[in-house]
Amino acid sequence: MFRCAHRIAKLFVIALLIVGCRTALCQGGEPSAPLARQTVRVRLTTGQRAIDVASPERITASVAGGKRTLPPGSWTFRAAEATPARQEFRVFVKTFQPAERAAAMGFLDQLQREGYSAEIVTLGRRFHTKSGRIMDTRVLWISAGAFPRLEEAEALRATFEGRDVWGWVRARTVAEGRGIVAVRGNGEEQTAEWEVPLALEADGPIQLCWDDGGAGRKQPQARAYVGRLEIGIAPDGTLEVFETLDVETYLRGVLPSEMPADWPVEALKAQAVAARTDVFAKLGIAHELEGFDLCGAEHCLAYGGQTAWRPRTDAALEVTSGEILTDGERFIPAVFCANCGGWTENNENVWSGPANPNLRGVPDMLLSTEDGSDTPAAVGMAAWLLDPPKAYCSGDPRYYRWRKQFSAEELTAVVNERYPVGPVRSIEFGERGVSGRLKWVTVHGANGAAVIRKELPIRLAFGGLPSAMFLVDVEGGPDRPAQFTFVGGGRGHGVGLCQHGARGMALEGARHGEILIHYFTGARIEKVH
Ligand SMILES: [Zn+2]
Ligand SMILES: [Zn+2]
């Protein structure tokens with residue numbers, strides 16, 4: 001059994017922003033590419049001092065100056081010299097469809113007149129199907145400025161927030177990292193120094209091993225990959241690894257990482273179609289400015305390489321081959337989450353960006369009435385959370401309803417990591433979305449108050465809550481709270497497909513098409529071979 005050979009003293013928690021480079025400029029929308037032959041470039045890891053590589057076959061390395069061969073065995077690649085990749089940080093403030101170019105130009109003009117060095121960045125692609133259809137995923141993002149430091153970009157984003165404009169910051173790689181790795185293996189006798197970036201290929205899968213520092217795992221991970229591997233230098237000077245492979249092979253490593261392979265087959269099929277659609281919708285957008293397509297973490301899709309492959313999830317991909325979700329014209333952003341808590345949420349209540357008609361909050365149950373008297377708001381949050389209805393996803397005992405308790409000292413420590421309000425006195429709820437998820441909260445402390453907006457920042461503010469659908473029970477007087485108990489429902493953002501709900505629907509006999517149409521309002525399943 002292959003085990004990690006290296007010893008890594010320090011692990012680095014790397015922000016999702018950091019990475020390598022492929023494209024020189026951020027202009028998408030090049031001539032259309034065939035959908036069936038799409039490949040993805042996935043960032044498997046970053047922030048590594050050393051990467052272990054093993055193969056029972058010889059490995060061919062493409063390095064500067066030609067090809068090199070490594071005999072079968074295990075090898076450690078360690079960063080010896082690094083010129084980090086260089087990035088800039090862009091503040092985006094609005095998005096337009098390609099058909100809205102005139103409106104985009106108008107908005108651009110307005111920003112420029114206000115003194116911003118605004119630009120339009122086109123992301124996304126035009127794919128064509130075998131039947132000659134064009135699937136256009138292009139979007140026009142308005143950039144209000146680009147900065148060498150993240151803090152400067154965040155400051156500008158904050159000033160827009162003050163005007164009720166919900167911007168977002170993205171890193172763009174402007175110069176690829178370079179460096180030298182020391183290669184050592186097969187009993188320490190064989191060593192070499194190679195320039196990076198470099199690529200590795202073998203006749204069979206290659207096993208990689210690295211420490212998964214920030215993810216809370218103690219053991220290094222060993223996983224096999226079948227695609228072309230590249231090792232590069234990240235913006236922080238550490239090693240990063242990418243895999244390039246075709247979309248369906250990639251999905252074989254995604255599906256069992258996103259949904260247990262022993263779940264009902266119709267749930268797996270629904271997940272397969274949603275994941276395939278999500279990949280196409282993200283290509284050329286998600287990490288395009290950083291020079292790759294998708295990251296291997298939950299930010300994009302959880303991905304476990306060949307090691308994750310399972311016969312039941314492979315079969316779900318096979319029988320849904322070519323199936324994607326559209327609004328009749330474009331891919332819909334087929335996002336999903338673990339457990340919606342009984343009601344899914346409108347996308348605009350969770351993320352920046354305009355409302356998407358396919359991502360409306362829906363009840364995760366069959367309702368007896370249609371007069372709105374069953375909504376979390378109508379029922380009241382206390383009843384909704386403490387005396388919950390039976391939903392498709394209520395078979396998930398851990399997260400359909402959950403509780404998290406903090407002493408006043410614990411909560412103060414957690415909140416003050418991000419918001420320096422001093423000892424926490426109370427939490428004031430802002431408006432809630434249709435599912436009962438909070439759109440904002442105000443934390444009142446002895447030294448001030450902080451308004452926290454949007455689903456993910458709210459969850460992170462309180463130490464990483466499972467969801468933003470919660471109430472807080474406070475014990476102790478208003479001036480001296482002793483204990484805060486968060487009572488909540490669901491796990492994840494709550495937009496799109498509810499995975500536990502898909503399981504529940506499948507157990508009740510629903511087919512994968514019915515499941516998908518339930519969660520994606522107005523969507524249709526199309527076959528695009
Ligand atoms: Zn990602
Ligand atoms: Zn649900």
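For ligands, and for the atoms within them, numbers begin at 1 and follow the listed sequence.
- Scored by the salt bridge (charged side-chain N to carboxylate O under 4.0 Å, His left out) test, Glu526 finds Arg133 as partners (sequence neighbours excluded).
- With the Zn ion (ligand 1) at the apex, His287 NE2 and Cys295 SG define an angle of roughly 110° (rounded to 10 degrees).
- Thr485 is listed as a side-chain neighbour of Arg403, based on a closest heavy-atom distance under 4.5 Å.
- For Asp364, the N, O or S atom with the smallest separation from the Zn ion (ligand 2) is OD2.
- Computed with the Zn ion (ligand 2) at the centre, the Cys498 SG to Cys340 SG angle is 120°, stated to 10 degrees.
- Inclusion of His500 in the first shell of the Zn ion (ligand 2) is not supported: no N, O or S atom falls under 2.8 Å.
- Between Asp278 and Lys282 there is a salt bridge, since at least one side-chain N of the basic residue sits less than 4.0 Å from a carboxylate O of the acidic one.
- Nearest to the Zn ion (ligand 1), among the N, O or S atoms that His299 has, is ND1.
- Between Glu323 and Lys269 there is no salt bridge, since no side-chain nitrogen of the basic residue lies less than 4.0 Å from a carboxylate oxygen of the acidic one.
- Between Asp293 and Arg125 there is a salt bridge, since a side-chain N of the basic residue sits under 4.0 Å from a carboxylate O of the acidic one.
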